[in-house]
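Not measured: the values here are computed from a predicted model.
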Amino acid sequence: MIFEEKRISSEKIYEGAILNVRRDKVTAVKGEAFREIIEHNGAVAMVAITKEGNIVMVKQFRYACGRAVLELPAGKIDKGETDPAKVAARELKEETGYTAENIVFLGKVNTSVAYSEEVINIYAMTGLVPGEQELDEDEALEVEEYPFSEVYRMAASGELMDVKTIAALLMAKEQLSGITLR
């Protein structure tokens, strides 16, 4: 039987614009322990598929890892937003300029089950209509398109480092057999 930890007490130790951190005292197998937990509103990631069967990707500098990263379009769920599919549509438009006629939920992933509550909802988006990006003031990213087979190969070979992108591509490959993925 797996021991299930229970919260005894909780203390907020950091409150930020994107995330909070709390320290929980919990029951443990041998008494009590502490767990530091990142609180996050959640996010969305989109496997946006063009009529040619290409996957829309974005490349942007990610300060935390110190390099430009190729990843799927994605964004955080803002406070008060309750429908992740609407957030996905908004973020796709903001980051890539595309709007999608079809939005299909593929699944969700937890970014780090050991210390984060962040859940990323993953969507496939088709029937793309091009438009203008609506980037946030502090965003700078390039939109690129790749055949699915190429980005899947990059994920499988370790060239892609973004976990939400890797997970979403795996979900897409398994669930989108009716859509032509090149």
Atom pair CD/CG of Glu36 and Asp24 - distance to nearest 0.5 Å: 10.0 Å

Determine whether Lys93 and Glu132 satisfy the following criterion, salt bridge (Lys or Arg N to Asp or Glu O under 4.0 Å), listing intermediate values before the conclusion. CA-CA 8 Å; Lys93 172 68 175 156; Glu132 295 295 317; over 6 Å; no

Over all atoms of both residues, closest heavy-atom pair of Tyr123 and Ala88: CD1-CB, 3.8 Å

Looking at Ala100 and Met125, what are the two nearest heavy atoms and their distance? CB-CB, 3.7 Å

Kindly indicate whether the side chain of Glu81, heavy atoms from C-beta on, has any atom under 4.5 Å from the side chain of Arg90. yes

Salt-bridge present (Lys25, Glu32; N to O < 4.0 Å): yes

Is it true that Glu150 and Tyr152 share a donor-acceptor pair across their side chains at a distance under 3.5 Å? no

CZ of Phe3: more than 12 outside heavy atoms within 6.0 angstrom? yes

How long is the straight-line distance from CG of Leu72 back to CD1 of Ile55, given to the nearest 0.5 Å? 7.5 Å

Give a yes or no on this: more than 12 heavy atoms of other residues, nucleotides or ligands lie within 6.0 Å of atom CZ of Phe61. yes

Of all the heavy-atom pairs spanning Leu160 and Met57, show the shortest one and how long it is. CD1-CE, 4.5 Å

Closer than 4.0 angstrom, basic N to acidic O: yes or no for Glu39 and Arg22? yes

Step through the shown structure and confirm whether more than 12 heavy atoms of other residues, nucleotides or ligands are within 6.0 Å of NZ on Lys164. yes

Met161 CE to Ile166 CD1 distance, which is reported to the nearest 0.5 Å: 9.0 Å

Inter-residue atom distance Thr96.OG1 - Leu128.CG, 0.5 Å rounding: 7.5 Å

Going by distance alone, is a donor N or O of one side chain under 3.5 Å from an acceptor N or O of the other, for Ser116 and Glu118? no

Residues Val56 and Tyr98: closest non-hydrogen pair is CG2-CE1, 3.7 Å

Under 3.5 Å: donor-acceptor pair, side chain of Gln133, backbone of Glu95: yes

Report the residue from Ile120, Asn121, Leu170, Val163 that forms a side chain to side chain contact (heavy atoms under 4.5 Å, CB included) with Val109. Ile120

As an exercise, state the distance from CG of Leu169 to CZ of Arg153, rounded to the nearest 0.5 Å. 12.5 Å

Tell me, do Leu70 and Val58 make a side-chain contact under 4.5 Å, heavy atoms counted? no

Do you know which two heavy atoms are closest between Ala74 and Ala45, and how far apart they sit? CB-CA, 4.0 Å

Do the charged groups of Glu91 and Lys76 touch, with an N to O distance under 4.0 Å? no

Is any side-chain heavy atom of Lys12 less than 4.5 Å from a side-chain heavy atom of Arg23? no

